[in-house]
Amino acid sequence: MSQPAPLPHAALLDPQVAAAVAAIRARASLVPKVGLILGSGLGFIADQLTDAAVVPYEEIPLFPRSTIVGHEGSLVLGALDGQLCVCMKGRVHYYEGYDMPRLAFPIHVLRGLGVERLLVTNAAGGVNPDFRVGDLMLIEDHLNFLGDNPLRGANRDALGPRFPDMSFAYSKRLRDLWRAVAAEQQVSLREGVYAAMIGPSYETPAEIRMLRRVGADAVGMSTVPEVIVANHCGMEVTGLSVITNQAAGLSGQPLSHDEVKEASELARVRLVPLIREVIRRL
Ligand code: HPA
């Protein structure tokens, strides 16, 4: 077996992050440059990795674990078409009761592992009335309705600035790449603004009308804290939503988590080739 490469960014890590990074590197010596966060029902993307090492979250000190029964929780490190990647199969949410620093922790661990580019995925409700179940939406920008920010509190100056710019939170270069790959594969790709709500209750129809008026195209309960932290610590970020349902009030039907999981699965045949090619060319 080859020698593990030196710990990247070691000087920047706080001791808890460094301990988590060391625990992972004891199990997988590759230095991933690309991170993927896989949303509800999208864990199948991690199955594409070759020579994969799987590290359950419970074996990583302080790594937050989902409280939702049946939700996955492991890091998968491996290669995807020549790119060294780490996938977070399962994530935690603000509504689970975790405070913002706990949501920031996995991103700092990914950074500590060597990740420079982050691809965030999620399941989202379609707020834009033109969107249909199974649509893929490239995230152009976000609205933070969580009422909190993961960078609140003392700034970690070694990682990033006190007041990080968010004008290009979702890399334009990577959005161009998604569009090019989608066109080549003849996959229709929506584009729009993702609004993060706290949950865990789904929104009311009145809240969805409000979100539409303020410019949201999709709504979910994740992604925004991770994207803020990743931008702060210098990662290039891109995001994709799978529209798993029409948001409350738009279809006349009640919303259910089962429907969300089924629709994620429906997107698999388009999503896997699309994501693979985007990652190959990152
Ligand atoms: N609202 C919030 N979160 C979601 C939805 C929704 O309609 N669908 C999937 N995640």
Side-chain angles (χ1 to χ4, degrees), residues 1-39 43 46 49 51-68 71-80 83-120 148-162 164 222-237:
M1 217 173 96
S2 60
Q3 273 298 101
L7 195 66
H9 320 293
L12 304 183
L13 304 181
D14 71 26
Q16 283 104 343
V17 174
V21 168
I24 297 160
R25 290 178 65 83
R27 301 277 303 268
S29 58
L30 71 87
V31 177
K33 294 286 170 213
V34 179
L36 291 98
I37 302 182
L38 306 177
L49 267 53
D51 299 321
V54 179
V55 187
Y57 292 162
E58 69 236 37
E59 292 176 18
I60 309 170
L62 289 180
F63 211 86
R65 274 188 281 158
S66 177
T67 56
I68 308 166
H71 253 226
E72 298 172 296
S74 52
L75 279 190
V76 184
L77 296 98
L80 196 62
Q83 293 272 18
L84 299 181
C85 298
V86 52
C87 292
M88 277 179 63
K89 210 172 170 184
R91 57 144 76 87
V92 292
H93 305 82
Y94 194 61
Y95 66 73
E96 293 180 73
Y98 287 108
D99 57 14
M100 284 288 181
R102 291 303 299 283
L103 300 190
F105 186 78
I107 306 300
H108 289 150
V109 171
L110 295 188
R111 187 78 182 109
L113 284 170
V115 168
E116 292 167 356
R117 287 183 286 277
L118 185 67
L119 196 164
V120 186
D148 200 349
N149 189 296
L151 304 179
R152 180 169 171 267
N155 185 49
R156 290 183 156 122
D157 294 329
L159 289 180
R162 169 74 292 186
S222 67
T223 300
V224 163
E226 295 141 346
V227 168
I228 293 172
V229 174
N231 271 274
H232 176 252
C233 66
M235 293 183 192
E236 190 179 19
V237 178

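The structure displayed is predicted, hence computed values, not measured ones.
The two atoms that bring L62 and Q16 nearest to each other are CD1-CG, 3.2 Å, heavy atoms only. The shortest heavy-atom contact between C85 and L30 is O-CD1, 4.2 Å. Scanning both residues, K89 and G43, for their nearest heavy atoms gives CE-O, 3.4 Å. The shortest heavy-atom contact between G160 and N155 is O-ND2, 2.9 Å. Closest of all the heavy-atom pairs between G35 and V115 is N-CG1, 3.5 Å. Residues I60 and A20 come closest through the heavy atom pair CG2-CB, 3.6 Å.
Going from atom CG of L118 over to atom CD of E226 covers 8.0 Å, rounded to the nearest 0.5 Å. Taking OG of S222 as the reference point, atom CD1 of I37 lies at 8.5 Å (rounded to 0.5 Å). In this structure, E59 CD and R27 CZ are separated by 4.5 Å, a value rounded to the nearest 0.5 Å. With rounding to the nearest 0.5 Å, the separation of CD in E116 from CE in M235 is 9.5 Å. Between L84 atom CG and L77 atom CG the span is 9.5 Å, to the nearest 0.5 Å. Note that CE of M88 is 6.0 Å distant from CG of L110, once rounded to the nearest 0.5 Å.
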* Evaluation steps, side-chain contact (heavy atoms from CB on, under 4.5 Å), between Y98 and H93 -> CA-CA 7 Å; Y98 287 108; H93 305 82; over 6 Å; no

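With R65 contributing its side chain and S74 its backbone, the two residues share no donor-acceptor pair below 3.5 Å. Here the side chain of E96 pairs a donor or acceptor atom with the backbone of T67 at under 3.5 angstrom. Panel note: side chain R91, backbone L38; no donor-acceptor pair is recorded below 3.5 Å.
With a 6.0 Å radius and a threshold of 12 heavy atoms from other residues, nucleotides or ligands, R162 has its CZ atom above the threshold.
Proximity of V31 to R25: side-chain heavy atoms (C-beta onward) are separated by under 4.5 Å at one or more points. Looking at heavy atoms from C-beta onward, H108 lies in side-chain contact with V229 at the 4.5 angstrom threshold. A heavy-atom distance below 4.5 Å is found between the side chains of L113 and P32.
Taking the six-membered ring for Trp and thresholds of 30 and 60 degrees, Y57 and F63 have ring planes inclined between 30 and 60 degrees apart.
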